[in-house]
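Here's the structure we're looking at; comments come further down.
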Amino acid sequence: MIICMKITKKNKKAIIVQCIEEFEQKTQIELKLIIERQARGYWDHILAYCLLGNFLLLAIAHFSQVEENFVLIYFELIFLNLVLVIFLHLLMGVQFLIGRNKKNSNVEERALFHFSQQKMYMTELRSGMLMYYSRLEKRGIILTDVGVLKKISAAELLNFESEFNQAMNKKDFANELGAFIRGFGVFCHQKWPDETFKNELSNDVLGF
């Protein structure tokens with residue numbers, strides 16, 4: 001008998017947490033994974049486009065030959081702003097209005113914020129490693145403390161960062177990410193094997 005189990009968000013998170021635990025049992029590196037909806041709110045962009053939409057609607061109403069009363073225009077403006085906020089914020093349509101360089105900059109700044117907030121720099125062996133990914137910007141970044149950089153070169157980390165992004169951008173990202181973390185753990189074990197396992201940071205995936 002074949003039993004089909006629905007892969008829920010909770011199950012995906014459990015898979016990834018287990019992979020992180022396996023990763024840390026192979027190496028001295030302390031890994032933290034954070035996945036967020038977006039690196040920045042972009043409310044300044046959303047407000048600007050709402051104001052532009054309002055201006056265009058009022059301009060059309062002003063120059064139109066059709067008579068419109070104030071109440072009707074008022075409700076049209078409310079409806080327009082509601083549609084823009086739903087599209088730009090809830091449906092993440094704002095991603096199409098922002099340049100790639102700006103998105104990358106925001107992801108890097110957000111990753112640095114989490115690296116500091118999670119105190120990744122306070123491990124005993126300076127072995128903190130943060131994997132951060134933002135869905136709106138579709139960009140992931142790997143930040144490490146100085147202890148890791150003594151064992152793994154910047155070029156090697158860039159290659160793994162590219163693989164991290166490829167895994168996160170797959171449809172079945174949970175399994176792809178799990179496989180990536182396991183493979184990365186094997187590599188890190190060769191560079192910095194775990195001699196005395198001591199888990200200093202929580203293995204829970206934040207923002208998932």
Side-chain angles (χ1 to χ4, degrees), residues 12-13 15-40 42 92 95-96 98-195 199-208:
K12 290 179 180 179
K13 185 174 181 178
I15 291 171
I16 296 170
V17 169
Q18 182 180 354
C19 292
I20 293 174
E21 291 172 351
E22 293 176 6
F23 175 98
E24 293 195 343
Q25 289 170 2
K26 292 184 176 71
T27 176
Q28 295 279 17
I29 296 172
E30 288 283 344
L31 177 63
K32 172 68 73 174
L33 173 64
I34 298 178
I35 303 171
E36 287 190 318
R37 184 178 184 272
Q38 57 196 64
R40 186 166 173 262
Y42 298 110
M92 299 196 295
Q95 64 183 298
F96 304 112
I98 303 165
R100 173 53 56 186
N101 289 338
K102 182 62 176 175
K103 289 180 183 177
N104 290 341
S105 175
N106 290 337
V107 170
E108 290 167 4
E109 289 177 7
R110 187 66 174 168
L112 285 168
F113 167 79
H114 281 299
F115 194 89
S116 175
Q117 185 189 54
Q118 297 296 320
K119 295 181 170 53
M120 303 294 296
Y121 54 88
M122 291 184 68
T123 59
E124 185 178 347
L125 299 176
R126 302 296 300 273
S127 59
M129 175 185 287
L130 172 68
M131 290 184 184
Y132 174 79
Y133 185 83
S134 175
R135 297 184 186 281
L136 185 144
E137 289 83 1
K138 293 183 174 63
R139 169 86 195 282
I141 188 170
I142 298 178
L143 296 179
T144 64
D145 204 350
V146 292
V148 180
L149 290 174
K150 291 178 180 178
K151 305 288 183 177
I152 304 175
S153 71
E156 289 170 327
L157 282 173
L158 278 176
N159 287 333
F160 281 107
E161 185 178 288
S162 176
E163 291 183 24
F164 173 51
N165 277 278
Q166 290 175 23
M168 287 300 305
N169 288 322
K170 293 287 181 63
K171 185 176 181 181
D172 184 21
F173 82 92
N175 288 325
E176 293 287 341
L177 179 59
F180 162 73
I181 292 174
R182 287 193 178 102
F184 194 17
V186 172
F187 172 83
C188 292
H189 173 74
Q190 298 170 348
K191 294 284 187 173
W192 199 356
D194 181 25
E195 297 167 355
N199 192 14
E200 298 179 68
L201 299 173
S202 167
N203 295 327
D204 192 27
V205 182
L206 299 183
F208 188 83

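Hydrogens, waters and symmetry mates are skipped; everything else that's a heavy atom, side chains included, is used.
Summarising the geometry of Ser134 relative to Gln38, their closest heavy-atom pair is OG-CA, 3.1 Å, with the distance given to 0.1 Å. Scanning all heavy atoms of the two residues, the minimum distance from Gly128 to Phe115 falls at O-CE1, 4.3 Å. Of all heavy-atom pairs between Phe23 and Gly185, the closest is CD1-CA, 3.3 Å.
Legend: residues meeting salt bridge (Lys or Arg N to Asp or Glu O under 4.0 Å) with Arg40, ordered by chain and number and at least two apart, are Asp44. Partners of Lys138 according to the side-chain contact (heavy atoms from CB on, under 4.5 Å) rule, which considers only residues two or more places apart in sequence or in another chain, are Gln95, Tyr133, Asn169. Taking the salt bridge (Lys or Arg N to Asp or Glu O under 4.0 Å) definition, one finds that Glu156 meets it with Lys191, sequence neighbours left out. Residues satisfying the side-chain contact (heavy atoms from CB on, under 4.5 Å) test with Ile98, not counting sequence neighbours, are Tyr42, His45, Val94, Lys102, Lys103. For Gln118, the side-chain contact (heavy atoms from CB on, under 4.5 Å) criterion is met by Lys32, Ile34, Met120, Leu206, not counting sequence neighbours.
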Worked check of side-chain contact (heavy atoms from CB on, under 4.5 Å) between Phe173 and Ile35: CA-CA 12 Å; Phe173 82 92; Ile35 303 171; 4.3 Å; yes

Check against salt bridge (charged side-chain N to carboxylate O under 4.0 Å, His left out), Arg135 and Glu36: CA-CA 6 Å; Arg135 297 184 186 281; Glu36 287 190 318; over 6 Å; no

Candidate pair Glu24 and Glu30, rule side-chain contact (heavy atoms from CB on, under 4.5 Å), full reasoning: CA-CA 6 Å; Glu24 293 195 343; Glu30 288 283 344; 3.4 Å; yes

Verdict with reasoning, Met129 to Leu143, per side-chain contact (heavy atoms from CB on, under 4.5 Å): CA-CA 6 Å; Met129 175 185 287; Leu143 296 179; over 6 Å; no

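No donor-acceptor distance shorter than 3.5 angstrom exists from the side chain of Glu161 to the backbone of Ile141, with no hydrogens or angles considered. In terms of modelled atom types and a separation under 3.5 Å, the side chain of Thr27 and the main chain of Trp192 share a donor-acceptor contact. At distances below 3.5 Å, at least one donor-acceptor pair connects side-chain atoms of Glu137 with backbone N or O atoms of Ala39. For the pair Arg110 (side chain) and Tyr132 (backbone), a donor-acceptor distance under 3.5 Å is absent.
Screening residues 120-129 for side chain to side chain donor-acceptor pair (under 3.5 Å) gives Glu124-Lys198, Arg126-Asp145 as the qualifying pairs, with residues at least two apart or on separate chains.
Atom SG of Cys19 and atom CG of Asn175 lie 8.5 Å apart (nearest 0.5 Å). Atom CG in Asn165 sits 6.5 Å away from atom CZ in Arg139 (nearest 0.5 Å). Here the straight-line distance linking atom CD1 of Ile142 with atom CG of Leu157 works out to 6.5 Å at 0.5 Å rounding. A distance of 5.0 Å separates CG in Leu31 from CD1 in Ile20, rounded to the nearest 0.5 Å. Once rounded to the nearest 0.5 Å, the distance linking CG of Asn106 with CG of Asn104 reads 9.0 Å. A distance of 12.0 Å separates CD1 in Ile181 from CD in Glu176, rounded to the nearest 0.5 Å.
Outside the 6.0 Å centre-distance limit, the rings of Phe184 and Phe164 are not counted as a close aromatic pair.
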